[in-house]
Amino acid sequence: MTCRPALLAAALLLASCRGRESTAPVGPAQQPPVILISIDTLRSDRLPAYGYRNVATPNLDAFRRDAILHQRAYSHCPLTLPSHTSMFTGLLPTEHGVRNNLGYRFDPVRHRTLAKVLREHGYRTGAAVSSYVLRSQTGISDGFEVYDDEIPVVTGGATSEHQRSGFETEKRAEAWMNGHVGEPFFLFMHLYEPHAPYTPPEPFRSRYADPYDGEIATADAIVGKLLDALKAKNVYDSAVIIITSDHGEGLWEHGEDQHGILLYREALQVPLLIKLPRSERGGSTVVEPFALRQIFDEVLAVTGIAPRKESSSSPLYAETLYPRIHLGWSDLRSLIDDRWHYIGGPSPELYDLARDPREKNNVLADERRVAASMREALDAMPAGDTTLAAVDPEEAKKLAALGYIGTPQQRTGPLPNPRDEIHSLGAIKSAFQLAADRRNDEAVVALRALLDKNPRLTDVASRLGEVLSDSGRYDEAIDVYKTALAQAERFSPDLALALAVTYLKAERPKDAASHAELTLSAYPAESNEVLARAALAENHLQAAAGYARAAVDASNRAPKMLLLMAELQRAAGQLQPALATIDAAEQRATALGTTQLGVDHLRGDVLARMDRPEEAVAAYRREIARFPQHLQSYANLAIIYFVQEQPGAAKRVLEEMATANPHRGAYDLAARTLDAFGDKAGAAKWRAKAR
């Protein structure tokens, strides 16, 4: 749980509609409670309130009767962090500067958030989020007194994969709300259902053939719990409650299964239900387009903090830089008005939303006058920093010292149109699935083939580096990460951190530390962890302890960081305290509703050093059962059997490792383990298999 004090900001930028201010006087603020619920990745046309009939959402249906339904609400970006930043600031991504989930940080000194404004007017402010994408280090928590972002991060993988159950998030949100009943408060609750991967719990998993619908039903149940709590505390009737989503989901309608790449209606149109105090205008419908950034002004108007603005007829702006940053394709921008949707890119498109709401027929050639007008309007809009970002001067010096570019590379020439390249997503997902199935050698071949065709596939390079590193092919992984960093249009702290971790595995602690220093601002906990491990590798225990404490503090005692403290205790010979710290890490993981990679591996190592081999064997077995990809646990277990003069048992463990992880890295580790105990013939067999 992260607490953020209010920071001094420059000026309040009210930029939601850009319409004329109402001349009607605003009465004294009644300070109603304000609750904003964001259901991530929820398309409006997959709710019964918007006409869908294949899922039951009784709680949202009941809430709709008390709320104003906006029939055509749109996101400004089909990505979680930029979209929520627009909701919180009333600004476009081009104005607040957060253009992607990764590599951008909101600057609270330049812009004030809704939480900050409400707090300045006497509100208590609290939030609970369900995705690591919205962690407080992004700056999105500015203005919140309490910002609960305890998202367990236990393994590698994409940032978007790190999430917690919405039921746990609701529990945290409800607990905070209960402490502020009777006060004016602003509560933000973010649910990650129905974001992919779609894995609804029972009974919704069995109830729905489409898991996306199952996740929507799950989200409805979670929202219902919070609404019931508000009613039980007599808060519901007087409150302003807003339920919406940050963006939709492609679901293959235009070739994209998820979101972020294309700008069609299915990715931009979201539900929006606004309940006013005493359910004023409940059950009514607004048909005019509504931009998500207008939520900022709507709340300030309803709470009496600022005059209500008249609606504007200006088209609604949306953008995605994801294809440019991650895939080497062109970015896209679009405008939506009452009838038309114009998508600007290498091959512009125009859709008549009145006649063709599913955007199947591009009418640009038939409606040239409309297209020209909207293109001019789009071209006239500020594009923001089109170079994506400038590198900090100190950061540039560090990059140059490490042999990378000192400033972002500027690409020349037209980039491919995402719509024309979207077909290649199938091959990318297939390669990623090979990696997920731990078919690492096949994954390496598939990922390299994709990069040969398009070296700008940053996400593919990142996954390739991860697979190579997991396979023990550290030198190859290092080359992949370094090439991707050098080719990037903007510095990627994610790639730099992955490279730092790989340098650690390759026993190059100085290189690991120099790269971790580049990522401290973006990932303070993880970067300090690398710095601690690098110092530990060079036996600088005092420095390592300082970095480890910083990692524990920055992560709010994450289980992984507590394990780091246990490793330091082990290195200092404090074996019994190390066991106690391992227990604490396991308890913390349990409290977060997860299982931490490495807990029993480290426990087994410490027990073995304490000459408690049977307990060590049991610990390694538990680690292998939970995390069959943890190669070193098999090797350590085999070593114990060798020491106990049970070579047959040791060899069976290595066979087990290779069966669960059929790739070169596992075979090489088996060979090295047998070599260490003089079994040259057995080692040769495994090396031959690796080749």
Side-chain angles (χ1 to χ4, degrees), residues 1 29-40 42 47-49 56-70 84 87-88 114-115 118-119 121-130 143-148 164-193 216-246 271-284 295-296 298-305:
M1 192 173 292
Q30 297 302 308
Q31 292 192 306
V34 177
I35 298 96
L36 173 59
I37 302 172
S38 174
I39 306 173
D40 211 294
L42 178 57
L47 285 180
T57 56
N59 296 294
L60 290 173
D61 293 350
F63 181 76
R64 188 271 178 271
R65 292 191 286 273
D66 293 336
I68 303 164
L69 182 144
H70 286 263
H84 282 96
M87 287 189 225
F88 283 175
L114 181 59
L118 289 172
R119 190 173 176 185
H121 285 79
Y123 276 75
R124 308 303 299 269
T125 55
V129 301
S130 299
F144 287 102
E145 296 173 84
V146 172
Y147 192 86
D148 188 326
R164 70 175 169 194
S165 165
F167 287 103
E168 177 63 26
T169 299
E170 190 280 331
K171 188 191 305 179
R172 306 288 185 95
E174 185 178 331
W176 181 87
M177 182 270 293
N178 287 339
H180 297 287
V181 172
E183 302 177 85
F185 69 81
F186 171 46
L187 171 62
F188 170 58
M189 183 176 78
H190 166 258
L191 307 179
Y192 217 40
E193 297 88 357
I216 291 172
T218 304
D220 177 77
I222 298 167
V223 169
K225 287 177 67 66
L226 184 64
L227 296 180
D228 286 345
L230 292 170
K231 291 173 182 176
K233 295 293 184 180
N234 294 319
V235 173
Y236 180 86
D237 186 58
S238 62
V240 177
I241 306 174
I242 301 172
I243 300 179
T244 188
S245 180
D246 52 350
L272 177 63
L273 298 161
I274 302 178
K275 189 200 84 67
L276 300 176
R278 294 164 297 284
S279 299
E280 182 183 346
R281 296 172 57 201
S284 64
I295 289 174
F296 181 89
E298 186 69 18
V299 171
L300 296 188
V302 173
T303 55
I305 292 173

Do Arg164 and Asp148 come close enough that some side-chain heavy atom pair is under 4.5 Å?
yes
Between Ile242 and Leu272, is any pair of side-chain heavy atoms under 4.5 Å apart?
yes
Closest non-hydrogen contact found for Thr125 with Gly143 is OG1-O, 2.8 Å
Return the minimal non-hydrogen interatomic distance between Phe296 and Phe88, and the atom names on each side.
CD1-O, 3.3 Å
Under the side chain to side chain contact (heavy atoms under 4.5 Å, CB included) criterion, do Tyr123 and Thr303 qualify, and how do the steps go?
CA-CA 10 Å; Tyr123 276 75; Thr303 55; 3.3 Å; yes
Here the gap from Asp66 atom CG to Leu276 atom CG, rounded to the nearest 0.5 Å, amounts to 11.0 Å
Distance in Å, Ile295 CD1 paired with Thr244 OG1, rounded so as to fall on 0.5 Å steps:
5.0 Å
Are Thr218 and Ser165 side-chain neighbours, meaning at least one heavy-atom pair lies under 4.5 Å?
no
Taking the side chain as every heavy atom from C-beta outward, state whether Met177 and Val181 have any pair of such atoms under 4.5 Å apart.
yes
Measure the CG-CG distance between Asp40 and Asp246 for me, rounded to the nearest 0.5 Å.
4.0 Å
Quick one: are the ring centres of Phe188 and Tyr147 less than 6.0 Å apart?
no
For residues 226-234, please give each side-chain donor-acceptor pair under 3.5 Å, one per line with the distance, not counting sequence neighbours.
none

So do Leu114 and Met87 actually touch side chain to side chain, heavy atoms under 4.5 Å?
no
Non-hydrogen atoms of Ala221 and Asn59 that approach each other most closely
CA-ND2, 3.9 Å
Side chain to side chain contact (heavy atoms under 4.5 Å, CB included) with Glu183: which residues, sequence neighbours excluded?
Arg124, His180
Do Glu193 and Ile216 have side chains that get closer than 4.5 Å, going by heavy atoms?
no
Drop me the distance from Ser284's OG to Arg64's CZ, to the nearest 0.5 angstrom.
7.0 Å
Taking all atoms of both residues into account, what is the closest heavy-atom pair of Leu191 and Ala219, and its distance?
CD1-O, 4.1 Å
Pro48 meets the side chain to side chain contact (heavy atoms under 4.5 Å, CB included) criterion, sequence neighbours left out, with Arg53, Val55, Thr57, Asp61
Which atoms form the tightest heavy-atom contact between Phe63 and Tyr236, and what is the distance?
CD1-OH, 3.6 Å
Flag, side chain of Lys275 to backbone of Gly282, donor-acceptor distance under 3.5 Å
no
Gap between atom CD of Glu145 and atom CZ of Phe185 - 0.5 Å precision:
12.5 Å
Mind checking the CG-CG spacing from Asp220 to Leu47? Nearest 0.5 Å is all I need.
8.5 Å
Strictly distance-based, threshold 3.5 Å: is any side-chain N or O of Ser130 a donor or acceptor partner for the main-chain N or O of His190?
yes
Non-neighbouring partners of Glu168 that pass side-chain hydrogen bond (donor to acceptor under 3.5 Å, both in side chains), sequence neighbours left out
Lys171, Arg172
Applying side chain to side chain contact (heavy atoms under 4.5 Å, CB included), can you list everything that pairs with Ser245, at least two apart in sequence or on another chain?
Leu42, Val270, Pro271
Minimum-distance pair of heavy atoms, taken over all atoms of Gly122 and Pro184
O-CG, 3.4 Å
List the atom pairs, donor and acceptor, that lie under 3.5 Å between side-chain atoms in residues 32-39 and the rest of the protein, sequence neighbours left out.
| unit_1 | atom_1 | unit_2 | atom_2 | d |
| --- | --- | --- | --- | --- |
| Ser38 | OG | His84 | NE2 | 2.7 |

